[in-house]
Amino acid sequence: MYKAYHNEMKQKIKNLILQAAERAHQKGELPSSEFPSIDIEEPKLEEHGDFSTNAAMIMASVQRMPPRKIAEAVLRNLDNSEGMISGMEIAGPGFMNFFIHTAFWYPVLREIFEADTRYGFSDLGKGKKVQVEFVSANPTGPLHVGHGRGAAVGDSIGNILSFCGYDVSKEYYINDSGRQIQTLGRSVFLRYKQLFGENIPFPEDCYQGDYIIELAKTIREEKGGGLLECGEDTAIGCAARFAAESIMKGIRNDLEAFGVRFDSWFSEQSLYDSGKVDAVIRDFRNRKIIYESDGAGWFRTTDYGDEKDRVVVRSSGQTTYFASDIAYHQDKFDRGFERIIDVWGADHHGYMPRMKAAIEAGGHDRNQFEVILVQLVNLLRGGVPVAMSTRAGEFVTLSDVIKEVGRDAARFLFLTRHYDSPLDFDLELAKKKTNENPVFYVQYVHARISSIVLKAREKGMENEAEDEAAVAMLKEPEEIRLIKTMARYPEVVRCSVEFMEPHRITFYLMDLAASFHAYYNKHRVLTDEPVLSRGRLYLVSAVKKVIRNGLTLLGVGAPEKM
RNA sequence: GCGCCUGUAGCUCAGCUGGAUAGAGCAACGGACUUCUAAUCCGUAGGUCGCAGGUUCGAAUCCUGCCAGGCGCGCCA
């Protein structure tokens with residue numbers, strides 16, 4: 001397994017400390033031989049060194065000594081014969097701070113070049129099959145901005161999982177069955193009738209958007225007045241099928257334009273057709289997990305921590321949405337996924353306990369099923385909220401947003417917040433080409449470096465070749481800072497996958513970009529000194545790779561020119 | 001009423017499962033282009049981490065109670 005250099009350094013320091021503590025104990029400087037597990041962390045402030053540890057404070061109670069005394073004993077016995085540590089100190093209440101010799105940072109660059117697109121990779125997933133289901137919007141209308149955020153988060157989480165060694169499948173669940181499809185058909189059919197001059201009211205519980213009228217017109221073009229003659233039920237069914245298919249096609253196009261690719265599109269109806277819904281209900285009935293009351297079939301979800309039992313079979317005999325959802329998630333496990341991740345809008349959070357119940361009742365561990373609840377998006381234009389009403393059918397669609405601000409800006413901005421906090425998405429800001437807009441700020445780094453590399457090529461310089469003498473020329477504080485920041489990247493990716501938080505990558509990239517721009521403004525890469533230039537070219541080429549890798553995980557492009 | 005989420009600089013947000021003097025960006029003010037892209041950089045200023053307790057060497061972070069905002073509590077999806 002590929003092991004990040006940064007991590008190795010941490011581990012090394014940890015071992016040095018433990019060895020030193022052991023030695024101190026043998027010499028009688030520390031009373032106890034018991035050394036609790038210690039953490040090596042990276043201090044926020046540069047003055048506090050490259051690594052630091054609270055080990056002495058943790059040991060204080062066991063050793064029955066003041067932390068600073070313990071730290072003194074440890075540092076006195078620390079073996080730095082390798083020369084990796086250029087300085088150590090005891091600070092504050094008992095922190096031990098370590099400064100790493102510059103030369104020990106250089107190997108990071110080589111690591112980046114060797115790993116290239118795989119830099120930051122880890123084998124955390126070990127090939128485990130995991131499914132990420134996201135968007136899954138009903139085919140009753142176009143995608144809106146909220147779906148866009150879900151798409152950005154879900155897709156990125158999928159990318160990160162896959163980058164970290166999981167066998168990932170991204171799936172879209174199509175709710176092509178049930179009542180809302182019926183309503184869709186009715187809406188379109190009524191508009192259709194209106195087109196033929198029938199003066200009939202359009203009910204409030206129908207879909208209000210103009211796209212319904214468009215669909216009705218298309219049917220008229222293709223089939224003329226044929227639907228008027230085949231009886232209401234068949235006509236509505238026909239309109240529903242046509243509308244759902246057509247809307248789904250639009251959704252697929254929007255997602256394609258957004259750079260989101262699904263491995264599979266799963267139809268709800270197929271669960272009924274294959275009998276899987278009936279099978280699950282039968283099974284749960286046999287196992288007394290479903291009981292009858294008031295003529296309906298109730299799933300005893302309270303046995304699994306839900307606050308009340310839920311209906312799966314209505315007294316009319318029809319199943320609820322929940323019923324097919326149970327079958328659906330069952331099916332996910334049947335397909336061999338060991339980990340199931342659903343990305344939902346936060347307004348569905350009340351649905352989580354019953355879904356967890358379904359997982360457990362189906363014989364699986366509730367922890368195998370994870371839900372990412374994405375908070376809502378407030379769409380703004382120049383700071384002013386954009387009026388949106390789904391009921392009235394007035395909303396800005398995802399497609400509108402992509403057309404206006406571009407795919408990269410939209411995706412990146414959706415990932416500039418923890419999914420858990422609501423997001424203000426400002427259309428004007430998304431288009432701005434200043435560093436108010438973090439997308440271009442990060443992409444600009446890539447473009448700037450590309451331009452340097454191009455210039456260097458014209459001069460006959462090669463940027464990929466490793467040259468120890470050249471690398472050794474990197475002595476400026478801004479250069480070392482860049483290397484250190486890049487050394488942190490694998491750790492960022494690891495945390496990002498562990499907590500399934502893509503925004504960590506976003507923030508990291510903004511940080512790396514800031515370090516680069518500062519460097520760029522202060523120092524020239526291509527100078528009169530060939531060796532120095534080669535070293536710097538090597539450095540910025542590494543930055544270019546890390547930026548590209550990070551953007552790729554977010555599904556954002558890394559342009560050569562801007 | 002019950003449940004979930006949120007509350008950090010004027011604004012928008014980070015804060016690595018308990019660490020040191022709480023960090024960015026924007027807005028404000030003052031500077032930097034004869035240079036590899038100024039879509040950039042440098043500097044200044046800005047805080048009772050919603051409030052009150054508790055846990056301990058140490059709390060923005062964990063626990064309890066309040067306050068404010070958002071969302072959810074259907075034989076809807």
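- Taking for each of Pro93(A) and Thr319(A) the nucleotide of RNA chain B with the nearest heavy atom, the 5'-most of the two is the partner of Pro93(A).
- Toward the 5′ end of RNA chain B lies the nearest nucleotide of His523(A), the other residue of the pair His523(A) and Lys432(A) mapping further downstream.
- Rounded to an integer number of Å, the gap from Ile449(A) CD1 to rU40(B) C1' is 13 Å.
- Rounded to whole Å, the P atom of rA60(B) lies 9 Å from the corresponding atom of rA20(B).
- Within 4.0 Å of Ala296(A), counting heavy atoms only, lies at least one base atom of the nucleic acid.
- Contact annotation: the side chain of Phe98(A) approaches that of Ile17(A) to within less than 4.5 Å [non-hydrogen atoms, C-beta and beyond].
- Regarding Asn521(A), its CG atom lies at a distance of 12 Å from the C1' atom of rA39(B), rounded to whole Å.
- You won't find any donor-acceptor pair under 3.5 Å spanning the side chain of Thr320(A) and the base of rA77(B), going by distance alone.
- Note on Thr416(A): every side-chain N or O is 4.0 Å or more away from OP1 and OP2 of rG25(B).
- Spacing of P atoms, rG7(B) relative to rG50(B), comes out at 8 Å, to the nearest Å.
- Under the 30°/60° scheme for interplanar angles, the aromatic rings of Tyr291(A) and Trp298(A) are found to lie parallel.
- Separation of the C1' atoms belonging to rU61(B) and rG25(B) is 23 Å when rounded to the nearest angstrom.
- Minimum heavy-atom separation, Ala346(A) to His349(A): O-ND1, 2.9 Å.
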Full working for side chain to side chain contact (heavy atoms under 4.5 Å, CB included) between Val540(A) and Arg536(A): CA-CA 6 Å; Val540(A) 298; Arg536(A) 290 183 170 175; 5.6 Å; no
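- Residue Lys484(A) contributes atom NZ, which lies 22 Å from atom P of rC16(B) at whole-angstrom precision.
- For the P atom pair drawn from rU40(B) and rC26(B), the interatomic distance equals 8 Å after rounding to whole Å.
- Taking atom P on both nucleotides, rC66(B) is separated from rU56(B) by 24 Å, rounded to a whole Å.
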Any chance you could encode RNA chain B as dot-bracket? Rule is Watson-Crick or G-U wobble with both distances under 3.5 Å; [ ] for pairs crossing earlier ones, | for another strand. (((((((..((((.....[...)))).(((((.......))))).....(((((..]....))))))))))))....
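- Donor-acceptor pairing under 3.5 Å, judged by distance alone, is present between the side chain of Ser315(A) and the base of rC75(B).
- Residue contacts shown for Ser52(A) include a base, since a base heavy atom lies under 4.0 Å away.
- Regarding Lys433(A), its NZ atom lies at a distance of 10 Å from the P atom of rA39(B), rounded to whole Å.
- At a cut-off of 3.5 angstrom, counting only N and O atoms as typed in the model, there is a donor on one side and an acceptor on the other between the side-chain of Asn54(A) and the base of rG19(B).
- Below the 3.5 angstrom threshold, one finds no donor paired with an acceptor across the side chain of His348(A) and the base of rG72(B).
- Distances shown here put a side-chain N or O of Arg314(A) below 4.0 Å from the OP1 or OP2 atom of rC76(B).
- At a cut-off of 3.5 angstrom, the base of rA77(B) holds no donor-acceptor pair with the side chain of Asp347(A).
- Under 4.0 angstrom from either OP1 or OP2 of rA38(B) there lies at least one side-chain N or O belonging to Arg448(A).
- rG15(B) and rC33(B): their C1' atoms are spaced 36 Å apart (whole Å).
- Put simply, Lys308(A) has a side-chain N or O that comes within less than 4.0 Å of OP1 or OP2 on rG74(B).
- Regarding the sugar-base torsion, rC51(B) falls in the anti class, its angle being beyond 90° of 0.
- One interatomic measurement links the two molecules: CD of Glu501(A) to C1' of rC16(B), which rounds to 10 Å at whole-angstrom precision.
- Between Glu560(A) and Arg548(A) there is no salt bridge, since no side-chain nitrogen of the basic residue lies less than 4.0 Å from a carboxylate oxygen of the acidic one.
- Following rounding to the nearest Å, His503(A) (NE2) and rG23(B) (C1') show an atom-to-atom distance of 14 Å.
- Under the stacking criterion of a centre-to-centre distance below 5.5 angstrom and an interplanar angle below 30°, His48(A) sits stacked against the six-membered ring of rA20(B).
- The OH-P distance, from Tyr441(A) to rG25(B), rounds to 7 Å in whole Å.
- Between Tyr321(A) and rA77(B), a side-chain N or O to OP1/OP2 separation shorter than 4.0 Å is absent.
- The closest side-chain donor-acceptor pair between Tyr272(A) and Thr319(A) falls under 3.5 angstrom.
- The glycosidic torsion of rU17(B) lies within 90° of 0, placing the base in the syn range.
- Between His6(A) and Phe51(A), the angle of the ring planes lies from 30° to 60°, which puts this pair in the tilted group.
- Tyr351(A) has no side-chain polar atom (N or O) that falls below the 4.0 Å cut-off from OP1 or OP2 of rC76(B).
- rU55(B) and rG65(B) have their C1' atoms separated by 15 Å, with the value rounded to a whole Å.
- Between rA20(B) and Lys44(A), a contact under 4.0 Å exists linking OP1 or OP2 to a side-chain N or O.
- Comparing the same atom, C1', in rA9(B) and in rA14(B) gives a spacing of 13 Å after rounding to whole Å.
- Phosphate contact (OP1/OP2 of rA77(B), side-chain N/O of Arg179(A), threshold under 4.0 Å): absent.
- Using modelled atom types and a 3.5 Å distance limit, the side chains of Asn175(A) and Gln180(A) yield no donor-acceptor pair.
- Closest to the side chain of Arg504(A), out of rC16(B), rC5(B), rU35(B), is rC16(B).
- Going from atom CZ of Arg417(A) over to atom P of rG25(B) covers 14 Å, rounded to whole Å.
- Within 4.0 Å (heavy atoms only), His517(A) reaches sugar-phosphate atoms of the nucleic acid but no base atom.
- A cation-pi arrangement, defined by a distance under 6.0 Å to the six-membered ring centre and an angle within 45 degrees of its axis, is absent between Arg448(A) and Phe516(A).
- Ring geometry for Tyr328(A) against Tyr173(A) counts as parallel: the plane angle stays under 30°, on a 0 to 90° scale with 60° as the upper cut.
- Ring centers of Phe369(A) and His329(A): under 6.0 Å apart, within the cut-off.
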